[in-house]
Amino acid sequence: MVLIAEDNANARQLFARILSITGHEVLESKDGEEALQLFEQHRVDLLITDLALPKITGVGLIDQIHQRSPHLPVIIVSAYLSPDEAKILLDEHVEFIPKRVDRDHLIATVNRLAPAIV
């Protein structure tokens, strides 16, 4: 199950549609608080999050989720972080995809971290 935390409804729905078509079960949340609630209610295999989220930021969400599940893979999707900055900030369980998200890159990264059950 892939959990998407993205406050931009168009981006969130696009990511969900792309991943659903490729065989992934998807949960969608509009903010960090809702994402944390969904994480606690479902078995999540991968988190995709924006950094700039209402209520709980993407960094705060990752921190809280990694306290509960330290090895859960995470993909940060953001327009506010460069690939070089991401390398400095991220650990081995967090990857970065810059916004304007390339569809094929998103699918390949998700499939590598949480293979779809088809």
Side-chain angles (χ1 to χ4, degrees):
M1 177 95 50
V2 177
L3 173 57
I4 300 171
E6 170 63 67
D7 60 328
N8 179 307
N10 291 332
R12 182 177 66 246
Q13 292 165 0
L14 177 63
F15 299 160
R17 190 171 30 245
I18 289 169
L19 296 177
S20 292
I21 289 169
T22 59
H24 293 276
E25 291 183 59
V26 178
L27 296 169
E28 298 178 48
S29 61
K30 64 186 177 304
D31 60 54
E33 186 176 279
E34 183 181 44
L36 192 56
Q37 291 170 355
L38 288 169
F39 175 80
E40 291 172 351
Q41 296 168 358
H42 300 274
R43 184 181 175 278
V44 173
D45 302 306
L46 172 68
L47 170 66
I48 298 175
T49 185
D50 191 359
L51 284 179
L53 290 174
K55 299 186 181 179
I56 300 173
T57 66
V59 172
L61 177 62
I62 293 167
D63 182 53
Q64 290 190 44
I65 285 177
H66 275 174
Q67 287 178 27
R68 295 165 175 82
S69 183
H71 301 293
L72 182 81
V74 175
I75 299 172
I76 293 175
V77 178
S78 179
Y80 302 106
L81 193 62
S82 74
D84 290 336
E85 292 168 323
K87 286 178 190 173
I88 294 168
L89 295 174
L90 306 180
D91 69 27
E92 64 196 77
H93 302 292
V94 181
E95 298 209 16
F96 171 69
I97 298 177
K99 280 190 179 171
R100 285 211 81 160
V101 173
D102 176 81
R103 178 186 185 277
D104 293 334
H105 185 208
L106 175 66
I107 292 168
T109 304
V110 169
N111 284 340
R112 180 171 45 81
L113 297 174
I117 300 169
V118 189

Atom pairs and distances, side-chain donor-acceptor, residues 47-58, under 3.5 Å, sequence neighbours left out:
{"unit_1": "D50", "atom_1": "OD2", "unit_2": "K99", "atom_2": "NZ", "d": "3.2"}
{"unit_1": "T57", "atom_1": "OG1", "unit_2": "G60", "atom_2": "N", "d": "3.0"}

Can you give me every donor-acceptor pair (side chain of residues 31-40, partner residue at least two apart or in another chain, under 3.5 Å) with its distance?
{"unit_1": "D31", "atom_1": "OD1", "unit_2": "E33", "atom_2": "N", "d": "3.0"}
{"unit_1": "D31", "atom_1": "OD1", "unit_2": "E34", "atom_2": "N", "d": "2.7"}
{"unit_1": "E34", "atom_1": "OE1", "unit_2": "K30", "atom_2": "N", "d": "2.7"}
{"unit_1": "E40", "atom_1": "OE2", "unit_2": "R68", "atom_2": "NE", "d": "3.4"}
{"unit_1": "E40", "atom_1": "OE2", "unit_2": "R68", "atom_2": "NH2", "d": "3.1"}

Report task. Please list, chain by chain and in numerical order, all residues satisfying side chain to side chain contact (heavy atoms under 4.5 Å, CB included) with N8, sequence neighbours excluded. Result ->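 By the side chain to side chain contact (heavy atoms under 4.5 Å, CB included) rule, N8 matches E6, N10, A11.
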
Report task. Mind checking side chain to side chain contact (heavy atoms under 4.5 Å, CB included) for I107 and listing every partner two or more places apart, or none if nothing turns up? Result ->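 Side chain to side chain contact (heavy atoms under 4.5 Å, CB included) check on I107 returns I18, T22, R103, N111.
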
Spatial distance of atom [atom1] ([X]) from atom [atom2] ([Y]) [nearest 0.5 Å]:
| X | Y | atom1 | atom2 | answer |
| --- | --- | --- | --- | --- |
| I62 | Q67 | CD1 | CD | 12.5 Å |
| L3 | S29 | CG | OG | 5.0 Å |
| H42 | L27 | NE2 | CG | 5.0 Å |
| L46 | L113 | CG | CG | 6.0 Å |

Requested in this report: Could you please spell out the steps behind the side-chain contact (heavy atoms from CB on, under 4.5 Å) verdict for I97 and H105?
Outcome: CA-CA 8 Å; I97 298 177; H105 185 208; 3.9 Å; yes

Query raised in the report: Considering residues at least two apart in sequence or located in another chain, which fulfil the salt bridge (charged side-chain N to carboxylate O under 4.0 Å, His left out) criterion with R100?
Result: none

**Report entry** Closest non-hydrogen atom pair, S20 against V26
**Finding:**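 So the minimum-distance heavy-atom pair works out to OG-CG2, 3.8 Å.
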
Query raised in the report: Between I4 and V2, is a side-chain contact (heavy atoms from CB on, under 4.5 Å) present by the stated rule, with each step listed?
Result: CA-CA 6 Å; I4 300 171; V2 177; 4.2 Å; yes

Report task. Identify, with sequence neighbours excluded, every residue that meets side chain to side chain donor-acceptor pair (under 3.5 Å) alongside D7. Result -> none

Requested in this report: Would you mind reporting whether M1 and R43 have side-chain heavy atoms less than 4.5 Å apart?
Outcome: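 Not touching, per the 4.5 Å side-chain cut-off.
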
